[in-house]
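Structure first, commentary second.
We're numbering straight along the sequence, starting at 1. Note that ligands are numbered from 1 as they come in the structure, with each ligand's atoms numbered from 1 the same way.
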Amino acid sequence: MSFTADRLLLFGATGDLAQRMLLPSLFALDADDLLAPGLKIIGTARSSMSDSEYRNFARAALEKYLPADRRGRMAEFLNRLSYQTLDATTLEGYDDLAKKVGTPQNGLAIFLSTAPSLFEPTIKGLQSAGLTGENVRMCLEKPLGTDLATSCEINDAVAEAFPEDRIFRIDHYLGKETVQNLLALRFANIMFEPLWNAAHIDHVQITVAETVGLEGRVAFYDDAGAIRDMVQNHMLQLLALVAMEPPAHFDATAVRDEKVKVLRALRPVQPAQTVTGQYRAGAIGGNAVPGYDEELGKPSDTETFVAIKAHVDNWRWKGVPFYLRTGKRMPKRVTEIVIQFACVPHSIFEGKGATMQPNRLVIGIQPEENITLSLMAKVPGLDREGIRLRSVPLNIAMPDVFSGAVRRIAYERLLLDLVEGDQTLFVRRDEVEAQWEWIDAIRAGWKADDVTPKTYTAGSWGPSAAIALAERDGVTWHE
Ligand code: BG6
């Protein structure tokens, strides 16, 4: 049902995500006049607070997390906020919550940014207070389960109250500008699509490297590990966007139909096609950092790094490896997709001393947003003995091309789409389940083979076995 919500109810309104991302994003949307004047935002959490205390809390978060050049007009935004204390686990407080929400003119969007264990009781509470009607949509933040079974439990519980077309599952990578630009690159240009297949692409690399460590998320991270924290969601979504067939339209059904086909075509992976690692003390950017076990305060078998050689078993991608790697405490923060094209079928320069390198497209997602295509060019000169060729970059730095464009937080896009009811950049249930199915099988393989993470020094690119995983195929990770 299409409506622009005029009430937004935030569960977990005092949590880390609300402070760092949700409130700043909503503020930024408001500052750019992208929120309807009548939109009211109701925060709820267990802490006892009045409306004005919550506004002060929100102000402090905005001052802490918004870049200075994006502050301004704060009072007007804060006036949109109110707060209701709630123990989400018991039914009692939900009627008061409903009173606080009032009667929306158009509809209500609910954002659940709480522990998944609270999802079920929250849905029950919302149902009991009449907050699940046709003009209500529900947005869920990860983690949505720890495996296929628990994810199905959560999805079933939510489906009791909301049909799929009113459920918005967040993967914040889909809100990132360059991730959406990947679709523009592929489907708004004629030149890539004819080459975008096994006949012309040698392999694909997807790297999501972070310099941060545990960041105080001890309990959560040690239960999740890199494969569930990063691969199951963000990296598989990136892979699906790279590998999917052209959707007929840029809309929620067409795009998600194509992504899910890719996710279902992922070949089950054997442990030998994976490498796991856990960081030990080292240095990043010249600063000493402790090992994972030291941060955690105990030994653990949780992987903070994972590399996987994946395949999409369909006509387009037959035989093309997708090398995925992600890790904490890497030497630098970088998210990028590398499309390594095949060599030309015949070199006319052979015998003329020229060395050829295949073309490569690098899509930088963060921190740099850029697209670089390497092309072979002749080195200028009167080479009487032969011809010299060199790979040169054709480089598009997005911030230069679109100078003046505001660099937005991924959640700005997603919150706006939630309020306005566009599901294109949200993950559908069948996608989540296909993702879990593939991840569960990998984890089952690790368990059966007693795979434990190899150690790597913080500030390195992971265990040397990860380098070997690619090099066995003659592939070097792009750095
Ligand atoms: C989250 C993970 O989903 O994504 C974190 O739980 C990770 O562990 C974060 O740090 C990375 O997001 P971004 O936008 O900083 O790349």
Backbone N/O of Pro399 and side chain of Ser403: donor-acceptor pair under 3.5 Å: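 Judged by distance alone, no pair lies under 3.5 Å.
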Using atom types as modelled and distance alone, determine if a side-chain donor or acceptor of Arg280 lies under 3.5 Å from a backbone N or O of Gly291. no
Atoms in ligand 1 flagged as close to [X], the criterion being non-hydrogen separation under 4.0 Å:
{"X": "Lys328", "value": "5 (C), 7 (C), 8 (O), 10 (O)"}
{"X": "Lys142", "value": "1 (C), 2 (C), 3 (O), 6 (O)"}
{"X": "Gln366", "value": "13 (P), 16 (O)"}

Would you mind checking if Glu164 and Arg428 are paired as a salt bridge, meaning a charged N to carboxylate O distance below 4.0 Å?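 The answer is no: the pair does not qualify as a salt bridge.
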salt_bridge(Arg228, Asp440) N-O dist < 4.0 Å: no
With a cutoff of 4.0 Å, is Tyr173 in contact with ligand 1, counting heavy atoms of the residue only? yes
Please compare Asp229, Asn233, Thr304 and report which has the shortest non-hydrogen distance to atom 6 (O) of ligand 1.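 The option holding the nearest heavy atom is Asp229.
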Phe322/Trp317 aromatic ring centres below 6.0 Å: yes
What protein heavy atom lies closest to [atom]? Include the residue and the distance to one decimal.
{"atom": "atom 12 (O) of ligand 1", "result": "His172 NE2, 3.1 Å"}
{"atom": "atom 10 (O) of ligand 1", "result": "Glu210 OE2, 2.5 Å"}
{"atom": "atom 15 (O) of ligand 1", "result": "Arg333 NH2, 3.2 Å"}

Test item: Met230 and Phe305 side chains (from C-beta on) under 4.5 Å apart, heavy atoms: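 Result no, sub-4.5 Å side-chain heavy-atom pair not found.
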Return a yes/no value for Arg217: is any of its N or O atoms, backbone included, closer than 3.5 angstrom to an N or O of ligand 1? yes
May I ask you to check whether Lys176 has an N/O atom sitting below 3.5 Å from an N/O atom of ligand 1? yes
Parallel, tilted or perpendicular, judged at 30° and 60°: which one describes the rings of Tyr173 and His234?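 Parallel.
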